[in-house]
Amino acid sequence: MRTTCNVCFHMCELLPGQTGFCNGRQNIDGKIIPLNYSKITALALDPIEKKPLRNFHPGSLILSVGSYGCNLRCPFCQNFEISMASKADIETQEITPEELCNLALLKRKRGNIGVAYTYNEPLIGYEFVRDTAKLVKEAGMVNVLVTNGTASPQVLSEISPYIDAMNIDLKGFTDDFYKKVKGDLETVKRFITEAHQSAHIEVTTLVIPGMNDSEEEIGALAKWLASLDADIPLHLSRFFPRYQMLDKEATEIAKIYRLAEIARRYLKYVFMGNC
């Protein structure tokens, strides 16, 4: 008997023992279980600006944690070693929500303000984010989510009481671009709209030559964000050859500067990354 996973827009229908598109959830005895719960592949104390967040506790450090798996297939992925991995592909370290919260508290003396869920797509294992974030919040620290914004409204509503800030990838602003990465633009737009109601949000677009770098597309993206709130920060990040796109040239810096000028017609805060 198939069971539907309702965590994201893919709505994978899984037979017992079958794993979803994201590599992180499996049908076990008729229940969809997060295989990557408490399974950590990356842990680091990062500047908050690396998330990237520029208008949320600037100058702070945050304990950043990642697992494995993702529900998109971006050929330009910067963290493909973990985001494209399955349980059998990668070594993990076991850490419980309680242990992670305690570690975050220990790092306070080094300037840590909380926990960031990042590196892979954290919401394919939203249960770990929810359980940890609740403890972190109770301990008086903050929670940051770095996500591709494709989770279901139910998942967002479950985690939103505990999340203080998010950086959400808006990978492009056309349906055609999102088809290339196995995503859905309207899902991300809805996620951004709803997330803005409960948390500080910033948005990142990786600008890829010939794919999502037209002035018309970035202008439309910025105009739409401004229709929600002109104070939402937009990060336009420079592409470098990576993963399955090693043959493509890096984005010209002048192009990023020009697109930032376009975006500033609509938005108060536009930042340029990797320049």
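Values below: all heavy atoms of this structure, side chains included; hydrogens, waters and symmetry mates excluded. Residues: numbered from 1 along the sequence shown.
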Visitor: Could E215 and R258 be called an ion pair, given the rule that one side-chain N must be under 4.0 Å from one carboxylate O?
Guide: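 Yes, E215 and R258 are salt-bridged.
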Visitor: Y243 versus M84: any side-chain heavy-atom pair under 4.5 Å?
Guide: yes
Visitor: Is K31 paired with D29 through a side-chain N to carboxylate O contact shorter than 4.0 Å?
Guide: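 No, this pair does not count.
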Visitor: Apply side-chain hydrogen bond (donor to acceptor under 3.5 Å, both in side chains) to the pair E121 and S83, showing each step before the final yes or no.
Guide: CA-CA 7 Å; E121 174 46 51; S83 65; over 6 Å; no
Visitor: Answer yes or no: is there an ion pair linking E249 with K255, defined by an N-O contact shorter than 4.0 Å?
Guide: no
Visitor: Using side chain to side chain donor-acceptor pair (under 3.5 Å) as the criterion, point out the one residue from T147, T132, N143 that pairs with Y117.
Guide: N143
Visitor: Who are the salt bridge (Lys or Arg N to Asp or Glu O under 4.0 Å) partners of E216, not counting sequence neighbours?
Guide: none
Visitor: Anything under 30° is parallel, anything over 60° is perpendicular, the rest tilted; go ahead and classify F128 against Y37.
Guide: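 Perpendicular: the ring planes of F128 and Y37 meet at over 60°.
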Visitor: Cation-pi check, R73 to F21: give yes when NZ or CZ is under 6.0 Å from the six-membered ring centre and within 45° of the ring axis, no otherwise.
Guide: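 Here R73 passes the 6.0 Å and 45° test against F21.
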Visitor: Verify side-chain contact (heavy atoms from CB on, under 4.5 Å) between L45 and N112, making sure each step is shown before the conclusion.
Guide: CA-CA 7 Å; L45 191 60; N112 180 45; 3.7 Å; yes
Visitor: Is R25 salt-bridged to E127, cutoff N-O under 4.0 Å?
Guide: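 Yes.
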Visitor: Kindly give the heavy-atom pair with the smallest separation between V207 and F239, and that separation in Å.
Guide: O-CB, 3.2 Å
Visitor: Minimum heavy-atom separation for I62 to A116, with atom names?
Guide: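 Closest approach of I62 to A116: CG1-N, 3.8 Å.
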Visitor: Compute whether any side-chain donor of one residue and acceptor of the other, for H196 and D229, lie under 3.5 angstrom apart.
Guide: yes
Visitor: Would L145 and L123 count as a side-chain contact (heavy atoms from CB on, under 4.5 Å) if you check the C-alpha gap in whole Å, the side-chain angles of each, and the deciding distance to 0.1 Å?
Guide: CA-CA 9 Å; L145 179 69; L123 292 185; 3.9 Å; yes
Visitor: If you take all heavy atoms of I163 and A133, which pair is closest and at what distance?
Guide: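 Looks like CD1-CB, 4.3 Å.
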Visitor: Decide, yes or no, whether a salt bridge links K180 with D176 under the criterion of side-chain N to carboxylate O below 4.0 Å.
Guide: yes
Visitor: Looking only at heavy atoms, which two atoms of S38 and P97 are closest? And how far apart?
Guide: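 Smallest interatomic distance, heavy atoms only, reads OG-CD, 3.9 Å.
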Visitor: Crowded around E94 CD? As in, over 12 foreign heavy atoms under 6.0 Å?
Guide: yes
Visitor: On the six-membered ring of F271, is R54 placed so that its NZ or CZ lies under 6.0 angstrom from the centre and within 45° of the ring axis?
Guide: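 Yes, a cation-pi geometry.
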Visitor: Between D164 and K137, is there a side-chain N and carboxylate O pair less than 4.0 Å apart?
Guide: yes
Visitor: What's the shortest heavy-atom distance between L236 and I256, and which atoms?
Guide: O-CG2, 3.9 Å
